[in-house]
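The structure appears right after this line, and notes come after that.
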Amino acid sequence: MGRRRRRQPDPADAARALPEAIAALSRTLPAAPSPEIFRRAKFDRPEAAPALWRLLFHVLSPLSADSASVSFTLEAQVRWVKSVLHSQGYPRLALVQLQDDGSQGGRELLLALAWLLARGPLPERLLTQSHVRLGDEMPVCECEALASPGPPAPRVEAEGSVDIRHLQWLMGKLQLRWRNLMAGQQEQCALLGKNPWQRIFCSTRLSWNLSGLQLLLLCGTCPPADLPAPQTQIHSYTRGCHSDRSLGHLSVTETELLRDPEGGRQLLQRLETENARLEAALEWRHRELVFWRWMDTVLDTCPLEASPPTFLPRIPEPGAGAAGLPVRELQALQEELQALQEELRKAVEARRAAWQAAVGGHGPEWRAARRALQVAVAQDLAALQWAWEQGKGQARPHGPRRLVRTEARVPGRLGLWATEATEALRAREACLEAMLHQLQGQCRQELARLVGVRPGLIWVPPPAR
Amino acid sequence: MLPAECSRRLVAELRDALDSCAELQRQLEQSLRVSRRLLRAWEPAETPAPEPTPGPEINEEAPSSACPPSPQDLKELELLTQALEKAVRVRKGLSKAGEGVKAHSLKSGSTSPATRASAPPSTSHCAGSCAPGTKPPRGIRHPWVPAKDLPGRRLLLVGDGAHMGKGAGANKPEAGLRDQQIIPQAAPPVPEAFTLKDKGALLRLPEAFRKAASRNARLWAQLSSMQTGDSVDAAAATAKTQFLQKMQTAAGQPGSRLSSAEVGRLQKACSLLRLRMREELTADPKDWTQEYRSLLTLEGLQALVGQCLHRLQELRSAVVEQPQGPWPEGPPRAASPCGGGADPMWSPQLLLYSSTEELQTLAALRLRVAMLDQQVHLEKVLMAELLPLLSEQEPLGRPWLALCRAAHCLLCEGGQRFLTVLRDEPADRLSPP
């Protein structure tokens, strides 16, 4: 048995490579049309356009919008896709000139899809978004806690002008909802795991400004079924069950699938689908080179775009800046940065003055130490700057994490400890509270200035808490 | 009345806030419902086999196989059912008793979690099911009614009692009568009802699921490692950058465009800088090195903020220069505090905790931070809308005063407290005519 002779590259292979690459792409993207549609799109066939609009809509919208996507008409989807692409900096104007009914422009849409694919790992990102979570997931940073901007739900927008009391009412409703939410969560967990006799009964009045720890102590209406958090119970009862030793116990999802075979079947099916999509993504990664060569040819068949049109087919709304970004937002950012600068300036002035006063005659070792400190601080700040320049916010990647119950401080466990996450959240809480107070103070000053010019009125502030 | 535009925007913002809060509530309630249901005794048809069955489908986990029960099993089943019924009766009677003693029985229940031999108190949420202390003849010494009723049973429930159900656990006394309780193993007795507390440690995930899950993990690992590049990847990367450049030049748009990425970076910069400033301002310097270091850091932060502002000014002027494009109004960008640099690739990350309290603190803190975040956002939005409105309106009429007062309440007191406005009458008006 000799070594296999290297086969000559089969010309038929090359011909097959492109359709296979596109097939892999079509298998890995959610809601993707068949490969045939891609081919038709190159020749700008009309039937390709609606399918590609829908694909772009699914690709660009966050997961929460998927379920609602059926309620969007094609026209609404088209408009939304256009605006999102623009806000991401899509260069070609031909896209926006396509009709809103989604009937034309297959080639432009293909280019748009390729542009999105080229900019980042799109299939992987989509797969991560729709990943089947097998554990009890808890996000440690709250960037996903509140809804991310998806397509605006088709809501009745018949509002005219309202009285400010309506706003106050809405605000009160919001506060009440938060109150219920937090009280409900505390009701459902034990205040103290072991000894119920030490339960502290307080009033149910929750104030806006309580710290997290104080919240824990407030639970006036504990129902009788007030036992340790069900999740942690499940974790401790199923200890030792998991085939994966590093996890050690089952999650609620896994236990649920054991209890409910039908649900388990569905979960299994979703897993299998995801596995298929993952395999397709791997195949795509192997084959994508031929796709890019093909896209070059597609781009070449497009006519060169003229300079930007001099007329505006649509009058933009006042306050809407170019590039899809409201001027208002930039203004807000500027104000924030200016406020920050102001606060820093005051702090620096005070500290510098104190420092100058305190520093007496220090010897030469002082100078060396000073230089060392300067270098250290410069490095520190460079790292901070790198953090936002490079797009990596934190040392640890964030996103929901699987909860795992384990013995305290076993060395060698890879993962984030709840205590550390709590510390980080406390820092964030303090920062937000400070920001809120600062904003409120700013408002107070502004309002005082506005009313100060009016004589003949006495403003009695509400009693301090 | 507020102008229409302003009203619409503000109402939309508040409605969004209400919706997100409702969504959080819904998620919490759902997860709680699922967990609670798992902690109760499981429905008989869903009782899993404690041992792993090598079937290719999960269906086979449901004990619905073919061994017929022996007469002895049926007899035992009968006895057990009767005991169950009695337990339910007792429990119903006791649940009307005070809650206070339940705590005590729970306490005694928690002292013997390890001994599976004793019939356990009924599972967690059945209130009053193990509060027999109020019944005088029972006394607190015997908190488990069923155990007292079935002294002989206890022996049966010992040890490799994997196959024997616990009578007290079931919520439905008629559950035991169903024939499909049979485990397809050789063990004769019929499991009564499954409770997680007792037999949770014996659960095994089905084979098919395990295979799928491990394949999933493997595929993800492969995908992650692919990103770190090989020769095929490098060629594709160059092809992609070339394509992007071609797109840009073919588009005919001159110059650099303001992209939301740039603004996003600035927003992230702002939040990171603020967080850092907060840390420095609250830190307590212990000696002069720390003080100096803190001073240097603050000055450095100031310089960075200046740079960001400068960059923002540049961007804004660039925006003004460009012609207003025909693009439809874009979606509002939410400034994500963590920077939005989310990992595009999933990887298994764990959050480790060692006690319930840790988890509860974390969960409560998360909610609180989310609430504060929303509050700050709303505050900014309200400020941006209401303050200009107030400064524009000149007349010193009632409506303006009312608006002022309401604005103060919303903006400065979080919508909770109102101030009072008094008209300061000049003294001479009060003098007698």
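Proteins come first, then strands; the chains are lettered A, B, ... in the order of their sequence lines, and each starts at number 1.
Ranked by heavy-atom pairs under 4.5 Å with chain B, the first of A/L282, A/L170, A/D163, A/V252 is A/L282. Ranking A/Q334, A/M295, A/R239, A/E288 against chain B, the residue ahead of the rest is A/Q334, based on heavy-atom pairs under 4.5 Å. Chain B forms more heavy-atom pairs under 4.5 Å with one residue of A/L181, A/D296, A/T422, A/L381 than with any other, namely A/L181. The greatest number of non-hydrogen atom pairs below 4.5 Å with chain A, out of B/P3, B/A363, B/A17, is found for B/A363. Among A/N275, A/V348, A/L373, the residue with the largest count of heavy-atom pairs under 4.5 Å with chain B is A/N275. Taking A/G172, A/A430, A/G120, A/A114 one by one and counting their heavy-atom pairs under 4.5 Å with chain B, the maximum is reached by A/A114. Chosen from B/L10, B/L362, B/L387, the residue pairing most often with chain A at heavy-atom distances under 4.5 Å is B/L362. Annotation: maximal heavy-atom pairing with chain B below 4.5 Å, among A/L384, A/V377, A/L278, A/T238, occurs at A/L278. Contact tally against chain A (heavy-atom pairs below 4.5 Å) for B/L14, B/V305, B/L367, B/T297: the top residue is B/L367. Highest contact tally toward chain A, considering only B/A239, B/A213, B/A269, is held by B/A269 [criterion: heavy-atom pairs under 4.5 Å].
Contact of A/L134 with chain B is made through the side chain alone, with heavy-atom distances under 4.5 Å. Contact annotation for A/E272: only side-chain heavy atoms (C-beta onward) come within less than 4.5 Å of a heavy atom of chain B. Proximity to chain A (any heavy atom under 4.5 Å) is shown, for B/L298, by both the backbone and the side chain. Contacts of A/E446 with chain B are made by side-chain atoms alone, with heavy-atom separations under 4.5 Å and no backbone atom involved. Contact annotation for A/E254: both backbone and side-chain heavy atoms come within less than 4.5 Å of a heavy atom of chain B. The contact between B/L312 and chain A is made entirely by side chain atoms (from C-beta outward), counting heavy-atom distances below 4.5 Å. For A/R351, the parts lying near chain B are the backbone and the side chain together; criterion is any non-hydrogen pair under 4.5 Å. Using a 4.5 Å cut-off between heavy atoms, B/Q302 contacts chain A through both its backbone and its side chain. Only the side chain of A/L299 comes within contact range of chain B, with heavy atoms under 4.5 Å apart. With a 4.5 angstrom heavy-atom cutoff, B/L304 touches chain A only via side-chain atoms.
In this structure, B/S7 contributes its side chain and A/V162 its backbone to a donor-acceptor pair below 3.5 Å. The backbone N or O of B/L18 sits less than 3.5 Å from a side-chain atom of A/R177, completing a donor-acceptor pair. Although no hydrogens or angles enter the test, the distance criterion places a donor-acceptor pair under 3.5 Å between the side chain of B/E358 and the main chain of B/S354. In this structure, the side chain of A/R401 does not engage the main chain of B/L351 through any donor-acceptor pair within 3.5 Å.
Using modelled atom types and a 3.5 Å distance limit, the side chains of A/E124 and B/W346 yield no donor-acceptor pair.
Ring pair B/W220/A/H131 is perpendicular by interplanar angle, where above 60° counts as perpendicular and below 30° as parallel.
At least one side-chain heavy atom of A/R92 sits less than 4.5 Å from a side-chain heavy atom of B/M247. Counting only heavy atoms from C-beta outward, the side chains of A/R402 and A/M138 never approach each other to under 4.5 Å. Between B/T356 and A/R405, the closest side-chain pair of non-hydrogen atoms falls below 4.5 Å. Side-chain contact between B/R417 and B/C409 is absent, with no heavy atoms from C-beta onward closer than 4.5 Å. A 4.5 Å side-chain heavy-atom check between A/T255 and A/Y237 finds every atom pair outside the cut-off.
Partners of A/R444 by salt bridge (charged side-chain N to carboxylate O under 4.0 Å, His left out), not counting sequence neighbours, listed by chain and number: B/E413.
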